[in-house]
Amino acid sequence: MTKTIAAHELRVLLRSPFAWIAAALLQLIFSWLFLAAVDQFTTAQGQLSPGAQQSGLTAYLIVHFIAPSTIIMMLATPLLCMNSIAGERQSGRYALLASSPLTAAEIVAGKFIGALLFQYAIVVFSVLLIAALLPGIALDLTHLLCAYVGLALFVALATAVSLLFSSLTLRPVLAAFLSFSVMLLLWLAAQSATGLLSAISPSSHLASFMQGNLDSRDLAYFTGVMAILLCLCTYRINSLTRTSTPLQAATQ
Amino acid sequence: MCADTSQRLLEATAIHVDYGKQAALRNVNVCLESGNTLGLLGLNGAGKSTLLKVLAGVNPPSSGTVRINGADLARQPLCARQALGYAPDKPPLHLEFSVKEFLTYAAKLRRLPRNQLASSVNSVIERCGLGEHRHRIIANLSHGFQQRVNLAQALVHQPKVLLLDEPTNGLDPVQLMEMRSLISDISGSHATIFSSHLLTEVEATCNRVMLINEGQKVLDMPIDQLTDEKNATFEVVLQQAARQTDLQDLPGVLAVCSVDPQHWLITTSEATPSGNPAGIGDALIARGLQLLEVNPVKNHLERVFNQLTANARPVASDTP
């Protein structure tokens, strides 16, 4: 059943003009970042020794292309996911899911996977930009793969945050705004704080992926936080059809 | 009211829905058997849609239980929802999909086996008169055809219980006739609840009628008893509270409906001694009840509707 909902969610996005415009704009931004990274490397190439040039271009691509892509996706994900639950509840389409023999976990998993597949398709197109360099230039593929694993995990985390907020309100724009605010706050926490705040910030865990280190602690962070967020979302969806509370009545 | 408990397809008991301090539904009981088509009537804001959402499991009740085909909606939700088709007043359509794509998705959500998907979807498309439009995008269909798609998604898995929330809303007279005929066709094989503002629609398509006023059930009886010219309905006001059983077995009484414990609607056969105001008054006094008023109610749904919605008094609902 998860597969049915995920496939439907993906088809909804593929038939939405908004999603196509967002995907096109993201490709434009990614292409711009890519060109800027290659251009900066070309300018600095003369100052690098021949041995450093292979790792030099990889580092330039990660610092000036892949790392900024995570920030772009942090902005795009809430916009692409805001309708997942909030939009359906606002339009009345959620009644179809709520009256069908589905568990809350199936609904959440289906919507999560569907939204994630669409975003991964956008990211894959950005990978093709780097792949275009491969026939002529040797790149550190392991380092690049590690950076993309980090980006993929970060997008999944942002999707889980967006899905949770989309389940908490009937207003998609509010859900997107709250998701982006929370992601931004967590991101900035790593810049200005240390200790616990830094430890819960995704940017501090993403940094090691960008440095080419595949650390199990970072993998555990992303999967663990994602699982907690999806469980909270499932609990919320479950509560919508269980005994009502004054808070729930207010949001209905 | 269901006579035989083994045939109950839908049974809702003591449904309360509170939104903060405001009660949207109070102590509402519903019971439906196969072949029953219950017309749910009430003014705007009376609680009709809220009741249907609770019965469909879309909104939870604050208290009370709902059983569908023997399964408790709160404890065995998957089993209960498998037997349920719900067409809300706001059609839950994905407008960007074609009719066939959307109905296939709805069928998959209802866990139809893969080998039955195509035949079930084709069958419901033909049944709902959507054959010529199966490949059209839903957004491009008229309102009437969108209502048909809404009905088709509720029917696609051939549920035993069908909940239709104002399916004739916004239809032109021709579409209205077509939808009425469609609902009459399908209602024989399902237990159906059909909410509407239109009394004529309920009279034409339903065999039972329930009236809700300010979140409370004020009438629940077979429609033929209400509209049959051979029957007479009396509004009876008593000095003291009475029980349904005190009135139910009076001679010639066909149905009894509580407005409150002192205020009742009694339907009798006109051919019996209780078929006139004096006769029913005598029968009540002979039963030891102190009578304050007996008023004949014309056996027409509109009159009963007007009378009951005008009397916005607290109501003790009968038990199924």
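Within every chain, numbering begins at 1; the chains are lettered A, B, ... in the order of the sequence lines, protein sequences first and strands thereafter. Just so it is clear, the values below take in all heavy atoms, side chains as well, and ignore hydrogens, waters and symmetry mates.
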Any A:S99 side-chain heavy atom under 4.5 Å of B:R110 side chain
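They are in contact (side-chain heavy atoms under 4.5 Å apart), so the answer is yes.
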With a cut-off of 6.0 Å (strictly less than), are more than 12 heavy atoms of other residues, nucleotides or ligands near [atom1] of [X]?
X      : atom1 : value
A:F177 : CZ    : no
A:F125 : CZ    : no
B:Q158 : CD    : no

Which one, B:E96, B:Q153, B:H157, leads in non-hydrogen pairs under 4.5 Å with chain A?
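Ranked by contacts with chain A, first place is B:E96.
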What is the distance from atom [atom1] of [X] to atom [atom2] of [Y], rounded to the nearest 0.5 Å?
X      : Y      : atom1 : atom2 : answer
B:L78  : A:L102 : CG    : CG    : 7.5 Å
A:L97  : B:R81  : CG    : CZ    : 10.5 Å
A:S100 : B:R111 : OG    : CZ    : 9.5 Å
B:L93  : A:S91  : CG    : OG    : 9.5 Å

Using a 6.0 Å distance limit plus a 45 degree cone around the ring axis, check whether A:R15 lies over the aromatic ring of B:F97.
yes
Run A:H8 and B:H94 through side-chain contact (heavy atoms from CB on, under 4.5 Å) and show every step you take.
CA-CA 10 Å; A:H8 181 77; B:H94 288 269; 3.3 Å; yes
Relative to chain B, which segment of A:T103 carries a heavy atom at a distance below 4.5 Å: side chain, backbone, both, or neither?
both
Using every non-hydrogen atom in the two residues, find where A:G92 and B:P92 come nearest and quote the distance to one decimal.
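Between these two residues, the closest heavy atoms are O-CB, 3.6 Å.
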Chain A heavy atoms under 4.5 Å from B:Q22: which part of the residue, side chain, backbone, both or neither?
neither
